[in-house]
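Below is one structure, written out as structure tokens, with a few remarks after it.
No experiment lies behind these values; they were computed from the predicted model shown.
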Amino acid sequence: MSDVDGGFMSSEPILLFLHGVGDGDPGDRWKLRIAETLSGLGYSGLDAAKVIAPKYAHALKGWDEEVPLPGTTAKRFPREAAKKNRRDFERRTGAIEFRLGRHERGNGFPGFDAAINLAVGHPKFIQADNYLTKRQIRAQVLTRILEKLPKRGKLVIVAHSLGSVIAADLVPRLPVGLDIAGMVTIGSPLANGSFNVDKLREELKDPPSNLGWWVNFWNDNDLVAAHRGVSSVFPWIVDFRLETKKFGLEAHSAEEYLSNETVGQAIGFSLFGSTSKEVAHVEIGADIPLDDTERLGLTALRYAYLVKMKLTGDVKDRYAGALRQVQARLVDDIKRWNTDQGRATSSQISRLAFDFSDPQAAVPEPRPSSHIPADQAVVLLTILAAENIIRPFEIVVPKDIRQAAMEDLTAEMGLGSQYGTEVFLAAKHAREVLSGARGMSWIKWGALGVGAAALVVATAGLALAAGAGLAGAALITSALASFGPGGMIGGLVTAGTLASAGGGGIAFGLASPATTAEIVEGVVARQLSAAMLRKRLEIDQDPATWRLLVETEIHVRREHERLDEFSDESSPGLKELKRKIDAVERALKCLRDNGLEPNVASSWDEEEQDSSRPVH
């Protein structure tokens, strides 16, 4: 599948418009309206596109001759290829989502589903009922549309009302040579269960291989859309809420939707790319790729910037002042670190430098973060959501603001804003599991602190931390030495290590009396948050999580038994050990209850298979 930026075989894009119930708009008023909207955005209208708008209003009322239902042509991928297809789709979706800006999904109004069900049975909606219930009419409509389409090219689908149901039904049946750059649905009733034609929801459980992205637009006053996003049925699409002053049928009309600039942006960009009004900034000169430390610092800085943009008043002023200093120090520290290593500094870092001695100097904005695969982003985003990204400064930011900023960040990264929501939902789940009746606060777990850095350095955990997490052992050693545990990068590297490391060294260090129960709770919280996030996103688990918790439990229980024999029952040391045991037990139970306990038999079978493979 090609990216949203292009790369298709035909230079002339194809716009397919699918109408809803009614007369099929014989005068093509929809076309005039979208042409006006595109012109207002700086595009040349629809002159450079091939427009196909099949008329099938009559076909929705009955059929002239029987035709077979067109078969599906979309590829069915094996497991690994399907994961890659989903990952690529998320990247494209995140890109268009970020381009369009913040959106609201919508939760639905009680009774609206029943109202739509009743409406479908009304004589005025007989066409919709026919498509949903009469297979021959459905086959006839799909066949008529397919007959109008070429076999190859770049296709953009715009579908209104019942047309969105037809579009969803059509996508898996398109010729294999047609790539769908994007699909825009407006006023869609797909969230309503009555429109699950031929188990459409099951058919589209995963994004089709030929679909670039899908954005659904809805508005509060459109009764057909039921004040609910289509992502309530197909969670991999983007829902975008629009404001309108129209009501009833006017709010539902295709012309009302197509006059909206955001809808026009989605259609125009999918057809033609950037508008003539946009100016691309090009970096001049050669550049070098970022290393792990630089990427970590830039991602954290971008997240902090997105947080700042959502703050107001005194808090925003203080946060901006702190962030100004953090950015200046980060750029200076990375430059010095690269100098010590005899390595040039990437222009992505250099461009963020400014004269900190000048209080009026403008602070360059960190650019949107680059794409990171969903599985590789788990630990990074878990840590960014939990840690103080402007350390050493401490400013309490409301959770809803941090979550909204995280949603923007994951949209920029091509993961989709829902990924950012899931980061916070997973963390909430972990906190609830571990807090029990004691009600630990988010802020208490906000920073692992210098003690945790000492734990990493003082144990053999360094040698075991180069797994699926944020950083390998070499990076940890050099980062802590260069940046220190109290700075942003050093603190994030430390927290990322502890959120992903597993093995006897770390487990023994967590059991040590020198390590506080609070640090253990913080480490377990991050490990559990990452595990819950992987589960929510259907990403393979990191086996190091279970191993660390089990080994920590063994060491902590042994330490408790050793001290319990002779110490006072109320001794602080025993209380600390009991807190550690409680945290680990709760985490293990949570993993077990969620089906995340490793399958011993499966692990043994895999080892047997590995041992039977030839050695090269």
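A side-chain donor from one of Thr185 and Trp214 sits under 3.5 Å from a side-chain acceptor of the other. Using modelled atom types, one finds a donor on one side chain and an acceptor on the other under 3.5 Å when comparing Glu97 with Ser417. Using modelled atom types, one finds a donor on one side chain and an acceptor on the other under 3.5 Å when comparing Asp239 with Ser231. Between Gln527 and Asp542, the side chains place no donor N or O within less than 3.5 Å of an acceptor N or O (distance only, hydrogens not considered).
Taking 4.5 Å as the limit, every side-chain heavy atom of Pro366 sits out of range of all side-chain heavy atoms of Thr299. Taking 4.5 Å as the limit, some side-chain heavy atom of Cys590 sits within range of a side-chain heavy atom of His429. Side-chain contact check for Val238 versus Val215: some heavy-atom pair is nearer than 4.5 Å. Counting heavy atoms from C-beta outward, Leu528 and Leu591 have side chains that approach closer than 4.5 Å. For the pair Leu384 and Leu381, the minimum side-chain heavy-atom distance is below 4.5 Å.
Formation of a donor-acceptor pair under 3.5 Å by the Asn594 side chain with backbone atoms of Met532 is not found in this model. Side-chain atoms of Gln541 come within 3.5 Å of backbone N or O of Ala531 as a donor-acceptor pair. Here the side chain of Thr73 pairs a donor or acceptor atom with the backbone of Leu174 at under 3.5 angstrom. For Arg579 (side chain) and Ala517 (main-chain N/O), no donor-acceptor pair under 3.5 Å exists by modelled atom type.
Arg367 and Glu412 are not joined by a salt bridge, as no carboxylate oxygen comes within less than 4.0 angstrom of a charged side-chain nitrogen. Using a 4.0 Å cut-off between charged side-chain N and carboxylate O, Glu521 and Lys580 make no salt bridge. With respect to Asp400 and Lys310, no salt bridge is recorded, no charged nitrogen being found less than 4.0 Å from a carboxylate O. A salt bridge links Asp582 with Arg586: at least one charged nitrogen is closer than 4.0 Å to a carboxylate oxygen. Salt bridge status for Arg534 with Asp540: absent, with no side-chain N to carboxylate O gap under 4.0 Å.
To the nearest 0.5 angstrom, Met406 atom CE is 4.0 Å from Tyr303 atom OH. To the nearest 0.5 Å, the span separating CG on Leu306 from OG1 on Thr410 amounts to 10.0 Å. Residue Leu409 holds its CG atom at 4.5 Å from OG of Ser369, rounded to the nearest 0.5 Å. In this structure, CD1 in Ile390 is found 5.0 Å from OH in Tyr319, a value given to the nearest 0.5 Å. Between atom CG of residue Leu415 and atom CD of residue Glu90 there is a gap of 6.5 Å, rounded to the nearest 0.5 Å.
Paired with Leu510 under the rule side chain to side chain contact (heavy atoms under 4.5 Å, CB included), one option of Leu548, Val524, Leu549, Val584 passes, and it is Leu548.
Taking the six-membered ring where tryptophan is involved, the planes of Trp236 and Phe89 are perpendicular, since the angle between them exceeds 60° and thus also 30°.
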Derivation and outcome, salt bridge (Lys or Arg N to Asp or Glu O under 4.0 Å), residues Arg302 and Glu365: CA-CA 8 Å; Arg302 178 64 183 177; Glu365 173 187 340; 2.8 Å; yes
Trace of the side chain to side chain donor-acceptor pair (under 3.5 Å) decision for Asn85 with Ser209: CA-CA 7 Å; Asn85 176 61; Ser209 59; 5.6 Å; no
Stepwise salt bridge (Lys or Arg N to Asp or Glu O under 4.0 Å) test for Lys589 and Asp593: CA-CA 6 Å; Lys589 182 179 185 302; Asp593 291 346; 2.7 Å; yes
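Across all non-hydrogen atoms, the minimal contact from Ala181 to Trp213 is O-NE1, 3.2 Å. In terms of heavy atoms, His555 sits closest to Ala511 at CB-CB, 3.4 Å.
At most 12 non-hydrogen atoms from other residues, nucleotides or ligands lie less than 6.0 angstrom from CD of Glu394.
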